Amino acid sequence: MASFPAAGQGVTLNVIHDRSQGTVRINGVPVHRFASRPPFDAPATNAFNIGFWAENGDNDVAVEAEPVAGQAGASTKVVLTEEPGDPPLFEHTIGGRGSVSHKVPLEGLPSWSWRDAEAVAGSDSELLAAVAALHRAHADQDVDAILALSQAAVDDMTQVAGPMPPEARAEMVEMLKAGRLTPLPEKLTVERHLGNRLLVVTAEGGRAPIELHSDAMPDHPMETGRYWVRRNGKWSVVRW
């Protein structure tokens with residue numbers, strides 16, 4: 001069973017995609033999207049530590065893939081590794097359209113905020129109001145309001161990396177000043193996961209409700225407002 005040290009090491013998922021696009025799910029939650037981009041002259045790799053979405057015990061890691069429109073010969077290679085240079089824990093290639101899943105046992109994970117969040121059913125109006133408030137805070141470049149609506153994410157990252165450093169606030173201000181905020185989409189979809197304790201809000205195509213674009217990374221906007229929990233009656237982003 002792999003461990004999850006506070007240093008951020010653990011099991012890494014590598015998705016090597018060639019003319020393909022798709023979604024990564026951990027325990028059913030859509031945690032990552034990937035898509036090959038023109039000119040499609042070489043495969044690209046998306047890699048991230050699954051521990052930030054996993055639970056202690058067995059975790060279902062699934063990848064769903066399909067060809068990018070108009071692209072033949074698409075493939076998606078899925079590789080799970082624990083330490084660089086070690087043999088893969090799991091490796092599989094999806095040709096064209098398909099999916100694959102694998103159970104990954106982990107231990108040593110923090111108790112993430114969704115574990116004790118409220119189970120929320122019924123109307124989505126309060127949640128969507130919180131999404132709109134978060135978008136407004138970005139438009140106003142109000143770092144205090146953004147952090148207040150992201151307290152669950154801050155709490156979870158503090159468990160792993162310690163308190164937010166003082167310079168992080170200044171970096172947020174600069175990012176907000178330099179970025180171009182997209183309008184809040186009119187149509188948003190809400191999905192419930194993990195016993196209605198983790199809610200996922202997406203725009204068309206699975207995009208995040210809030211995107212901040214920059215000249216430095218034009219194809220990779222800063223995204224937020226997708227993952228939410230409610231604790232003590234208050235909505236909060238739980239992952240950025």
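Please read all numbers here as calculations on a predicted model, not as lab measurements.
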Heavy-atom pair of closest approach, residues [X] and [Y]:
X      : Y      : result
Ser75  : Ser20  : O-OG, 3.3 Å
Ser101 : Phe90  : O-CZ, 4.3 Å
Ala54  : Leu106 : CB-CD1, 3.5 Å
Asn196 : Ala121 : ND2-CB, 4.1 Å
Gly225 : Val201 : O-CB, 3.8 Å
Leu149 : Trp228 : O-CZ3, 4.2 Å

Note: [X]-[Y] ion pair, threshold 4.0 Å (strictly below):
X      : Y      : result
Glu55  : Arg115 : yes
Glu204 : Arg207 : no
Glu118 : Arg197 : no
Lys77  : Asp18  : no
Asp124 : Arg192 : yes

Determine the sole option in Leu13, Thr12, Asn14, Thr93 for which the side chain to side chain contact (heavy atoms under 4.5 Å, CB included) test with Val79 is passed.
Asn14

Check each of Trp112, Tyr227, Phe48 against Trp53 using the ring-ring contact (aromatic ring centres under 6.0 Å, His included) test, and report the only one that passes.
Tyr227

Answer yes or no: does atom [atom1] of [X] have more than 12 heavy-atom neighbours from other residues, nucleotides or ligands under 6.0 Å?
X      : atom1 : value
Glu167 : CD    : yes
Asp86  : CG    : yes
Glu91  : CD    : yes

Give a yes or no answer on whether the side chain of [X] reaches the backbone of [Y] with a donor-acceptor pair at less than 3.5 Å.
X      : Y      : answer
Thr202 : Ala208 : no
Thr81  : Glu83  : no
Asn59  : Gly57  : yes
Asn56  : Gly108 : yes
His135 : Thr182 : yes
Arg19  : Gly96  : no
Asp142 : Asp144 : yes
Asn27  : Asp60  : yes

Below 4.5 Å, heavy atoms only, C-beta onward: do [X] and [Y] meet side chain to side chain?
X      : Y      : value
Asp58  : Val104 : no
Val31  : Phe52  : no
Val120 : Leu127 : no
Val190 : Leu128 : yes
His92  : Val63  : no
Met164 : Thr158 : no
Thr224 : His138 : yes

[X] and [Y]: side-chain donor and acceptor closer than 3.5 Å?
X      : Y      : value
Ser113 : Asp156 : yes
His17  : Ser36  : yes
Asp155 : Gln159 : no

Distance from [X] atom [atom1] to [Y] atom [atom2], nearest 0.5 Å?
X      : Y      : atom1 : atom2 : result
Arg230 : Leu198 : CZ    : CG    : 14.0 Å
Thr76  : Arg97  : OG1   : CZ    : 11.0 Å
Leu212 : Met175 : CG    : CE    : 6.0 Å
Ile210 : Glu223 : CD1   : CD    : 11.0 Å
Leu188 : Glu186 : CG    : CD    : 10.0 Å
Gln71  : Phe40  : CD    : CZ    : 4.0 Å

Pair Val11-Asn49, side-chain contact (heavy atoms from CB on, under 4.5 Å): steps then yes or no
CA-CA 6 Å; Val11 174; Asn49 191 313; 5.7 Å; no

Using the side-chain contact (heavy atoms from CB on, under 4.5 Å) rule, take Val15 and Thr45 through it: C-alpha gap first, then chi angles, then the decisive distance, then the call.
CA-CA 6 Å; Val15 180; Thr45 300; over 6 Å; no

After noting the C-alpha distance and the side-chain angles of Leu147 and Met172, does the key distance pass the side-chain contact (heavy atoms from CB on, under 4.5 Å) rule?
CA-CA 10 Å; Leu147 291 176; Met172 288 182 67; 4.0 Å; yes

By side-chain contact (heavy atoms from CB on, under 4.5 Å), Pro30 pairs with (sequence neighbours left out) Thr23, Arg25, Glu191, His193, Val200

Holding to side-chain contact (heavy atoms from CB on, under 4.5 Å), I want the full list of residues that pass it with Ser99, two or more places apart in sequence or in another chain.
Glu64

Please determine whether side-chain contact (heavy atoms from CB on, under 4.5 Å) holds for the pair Lys177 and Gln141, giving the CA-CA distance in whole Å, both sets of side-chain angles, and the decisive distance to 0.1 Å.
CA-CA 7 Å; Lys177 287 181 178 179; Gln141 300 178 10; 3.4 Å; yes

Between Val131 and Val154, is there a shared hydrophobic cluster once you connect ILVMFWY residues whose side-chain heavy atoms come closer than 4.5 Å?
yes

Determine, using the 4.5 Å side-chain heavy-atom cutoff (strictly less than), whether Ile16 and Val78 are members of one ILVMFWY cluster.
no

